[in-house]
Amino acid sequence: MQRAEVGAPASQPISLSMIFLAALVIHAPLLLMKLPLKSYDANFHIFFASHYLRSWFDPWNPKWYAGFSQTTYPPLPQQWLALISRVVGLDMAYMAVQFAGILLLALGVYRFSLLWVDRRAASFAALASVFLGSECFLVYSAGQLSTTFAAPLYLNALPYLFQWVRHSNWRAFFNGGVLLVAASAAHHATLLFGSLLFALPVLALASLDRADGERISGSALVVRTGSMALLVGIAIAVVLLPFWIALIHYPVTQTPIPHPSRANYILSPQWGLNYFVVPYGALILALPFVVWKGSSITRLRPLLLGFWLAFLLGLGGTTPVGRLVLGRAFEVLTMERFSYWATLLAMPFVGLLAAELIDRFRTRAVIGLTMAAAMTYGLSVAWATYRPADAEEFKVDSVASWLNRDGHDKYRYVTLGFGNKISRLAVLTDASSVDGEWNSGRMLPELTQHGAGALTSSKYFGKAGIDALNAILHHADRYGLKWVFLRDPYYEPLLVFAGWRKVDDLEDKTITVWSKEDVPPATPVNAPQIPPHWQGLMWGTLPICSSILALLLALVPDKRWEKRRVVQPSPAHEDLMLGRLIS
């Protein structure tokens, strides 16, 4: 049951079918053009999906870092990608899963907003999510499929959480629990950090809300919250058991890798533009309204506090809040996800603002809001187009073909100057590499001891990157590393000094193949880390089954979401303010 409306709405809300149609019109053309393939992490997710496509119940992936376990990364979006790819191929399956996340976001924002505002404002909030700059940034520039898939599931789960805590609704308990488990199987960072930012304001609202009678007692709030946390926590622990085992046995203790999202955006305005202006867009203009309305109405203050904390964390190193709140996790996480969560928490306020402006200024407000939404969406898409994360226009097919013939795949390889194309290459070849793009999955000491990312981009990490590359090249015999594919002449002196020689040319001599003599064929080096068979069975069944159950039980359209009881305003000053705000 949702919060009751105060007074009759001035006009009808936008239907969900129209909002979904807007999402189709706005995003489908870009997805059909495969624009997200130029994003930073798109090929990373496709690579993970390609492994599930070949070996669904075997989470051990031999293609990166001389072998690593994919249980270190929750599998749900990649598993759906693998399933859909059997019909449309990996690239289009990626687009389909991203589009599903966009639709789930619109539905989730609508349901979440109904906790705070009336149906009309909630429908405006859901429509605004279609144009949301942070969503476009993550889809078309960052390529964070897991983040954009998990957050909508949490938004859809939170109304059920409210119903359980506020009204002890057992059906809501089950539906909300199923959605929370599915969301946890989609992304670990959203589970560990984002879920609290979303859930705590809702729990505070359950305590404050008087729309359906008296406040809930403190003991009932604690018992119901604790029971859901306990039972859902057990379910999440079981579904993601291989992940927790891998995390306990092999915690992330490697040297932190620098990331521009942790920069001071004032001292580094180029990163402020990338991680603040582009994701927020016209929402920046609404920030005074968010603070004013959120602070003036008691019932909305929990939402404001959740937004404000996520907002400050999303500013990276611009303020000390990130380091103080997150501790060492600040050096591991990327901060753009917090900006994304902050914009989602701001959506009910955006819906209220849109309703007030349209009531007051009518056509002029509609035109202005349309322009603001278009500019926000356009800025994010234009930024992704003109500053793509994967700007290198070259093919790796010839490299994959070279590795797949004449027994070359018996040895490991590394690329230099390939950027994000290393994930695409790994999809196309059967050979194994000592490099990769999933930093938490690597265990080779030459990589974990240096604060650098992928070896293929070593020079961009300064001395740490060159040291890591040097260590790997000098230990080629240990890892069966015989091939280096060079696309950047910068590394040639390093290869010559380490005893490598050029043996072939590819792609009109833009890529050279280097080799080292007397390197033995590759053998397993991380065998103790290989998950046992029972973990593979769990990994291949429980996460995907949790999402299917959520789809059948909790995401099916329910007419009761549209039923709203109209009550008269309370004479209390606070309720009068709320009535004026949303009537």
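Residue numbers count from 1 along this sequence. Values below: all heavy atoms of this structure, side chains included; hydrogens, waters and symmetry mates excluded.
The pair Asp435-Arg442 does not count as a salt bridge, with every side-chain nitrogen at least 4.0 angstrom from each carboxylate oxygen. Salt-bridge check for Arg501 with Glu517: passed, with a basic side-chain N closer than 4.0 Å to an acidic carboxylate O. Using a 4.0 Å cut-off between charged side-chain N and carboxylate O, Glu446 and Arg478 make a salt bridge.
For Ser515, the side-chain contact (heavy atoms from CB on, under 4.5 Å) criterion is met by Lys482, Trp483, Val503, not counting sequence neighbours.
For the 3.5 Å distance criterion, the side chains of His27 and Tyr377 fail to qualify, holding no donor opposite an acceptor. Checking Asp504 against Trp514 by side-chain atom types alone, no donor-acceptor pair falls below 3.5 Å.
Among Trp341, Tyr280, Tyr340, the single residue meeting the ring-ring contact (aromatic ring centres under 6.0 Å, His included) criterion with Phe311 is Tyr280. For the side-chain contact (heavy atoms from CB on, under 4.5 Å) with Tyr479, the qualifying choice from Thr523, Leu444, Val519 is Leu444, the only one to do so. When each of Asn439, Val525, Val434 is checked for a side-chain contact (heavy atoms from CB on, under 4.5 Å) with Tyr65, only Asn439 meets the rule.
A perpendicular orientation is assigned to the rings of Trp438 and Tyr73, their planes being inclined by more than 60° (bins at 30° and 60°).
The environment of Phe57 atom CZ is dense: over 12 non-hydrogen atoms of other residues, nucleotides or ligands sit within 6.0 angstrom.
Thr510 places a side-chain N or O within donor-acceptor distance of the main-chain N or O of Glu507, the cut-off being under 3.5 Å. Using modelled atom types, one side-chain atom of His51 and one backbone atom of Asp58 make a donor-acceptor pair closer than 3.5 Å.
Residue pairs meeting the side-chain hydrogen bond (donor to acceptor under 3.5 Å, both in side chains) criterion with at least one member in residues 178-197, sequence neighbours excluded, are His187-Thr190.
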